Amino acid sequence: HNIYPNPFNPIANIIYGIPEYAPVKVTVYDLRGRTMAVLKNGFETTGFYTVQWDASDFASGVYFIEMRSNSFREIRKVLHMK
């Protein structure tokens, strides 16, 4: 699903759906590919979920949010503006 608002300051909402019980990992990376935060790392049951990233301690700029599960992987670009 979506990440909103984008651009954001200081909180981004990440919405995702899981069709079956599966491991879920949501990670934030900077432009250099460094891991900045792991927002979720565990198993989820079927349903829709929202994870919030509070980036108030991070610099303004472009970040990438990776959502990964069994056979699913997606990366979205977000802009943090202070």
Side-chain angles (χ1 to χ4, degrees):
H1 290 273
N2 257 339
I3 299 173
Y4 70 92
N6 190 13
F8 71 98
N9 177 26
I11 295 176
N13 297 293
I14 302 142
I15 300 173
Y16 61 92
I18 301 295
E20 60 189 21
Y21 182 75
V24 175
K25 188 170 186 182
V26 180
T27 310
V28 179
Y29 298 96
D30 68 4
L31 279 173
R32 293 183 178 177
R34 295 178 296 188
T35 300
M36 303 306 289
V38 177
L39 305 177
K40 184 70 164 175
N41 189 12
F43 282 83
E44 296 280 14
T45 57
T46 302
F48 289 92
Y49 298 90
T50 301
V51 175
Q52 289 189 331
W53 177 37
D54 183 353
S56 55
D57 293 336
F58 293 88
S60 295
V62 175
Y63 293 90
F64 296 95
I65 298 178
E66 177 188 44
M67 294 165 274
R68 180 184 291 242
S69 190
N70 286 337
S71 61
F72 176 81
R73 180 176 180 242
E74 186 167 328
I75 298 173
R76 300 266 179 106
K77 181 171 64 171
V78 295
L79 177 60
H80 178 230
M81 296 177 63
K82 284 192 173 184

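Predicted, not measured: the structure shown is a model, and the values here were computed from it.
By the criterion of side-chain heavy atoms lying less than 4.5 angstrom apart, applied directly or through intervening Ile, Leu, Val, Met, Phe, Trp or Tyr residues, Leu39 is grouped together with Phe72 in one hydrophobic cluster. In the hydrophobic clustering of this structure, Leu31 groups with Ile75; members are Ile, Leu, Val, Met, Phe, Trp, Tyr whose side-chain heavy atoms approach within less than 4.5 Å, directly or through other members. Hydrophobic clustering of Ile, Leu, Val, Met, Phe, Trp and Tyr side chains at less than 4.5 Å, counting indirect connections, keeps Met67 apart from Phe64. Hydrophobic cluster membership differs between Val51 and Tyr29, with clusters built from Ile, Leu, Val, Met, Phe, Trp and Tyr side chains linked at under 4.5 angstrom.
Panel note: side chain Thr45, backbone Tyr21; no donor-acceptor pair is recorded below 3.5 Å. Of the possible donor and acceptor atoms, none in the side chain of Lys82 sits under 3.5 Å from a partner among the backbone N and O of Pro10.
Under the ring-ring contact (aromatic ring centres under 6.0 Å, His included) criterion, Phe8 pairs with Trp53, His80, not counting sequence neighbours.
In this structure, Leu79 and Met81 have side chains that are in contact, with non-hydrogen atoms separated by less than 4.5 Å. Taking the side chain as every heavy atom from C-beta outward, Tyr63 and Asp30 approach each other to under 4.5 Å. Counting only heavy atoms from C-beta outward, the side chains of Asn2 and Arg76 approach each other to under 4.5 Å.
In the model, Glu44 has a side-chain atom that pairs as donor or acceptor with a side-chain atom of Tyr16 under 3.5 Å.
Atom-to-atom distance recorded for Ile3:CD1 and Ile14:CD1 is 5.5 Å, nearest 0.5 angstrom. In this structure, CD1 in Ile65 is found 12.0 Å from CE in Met36, a value given to the nearest 0.5 Å.
Of all heavy-atom pairs between Thr46 and Glu20, the closest is OG1-CA, 3.4 Å. Asn6 and Val78 make their closest contact through OD1-CA, 3.4 Å (heavy atoms, listed as atom of the first residue, atom of the second, distance).
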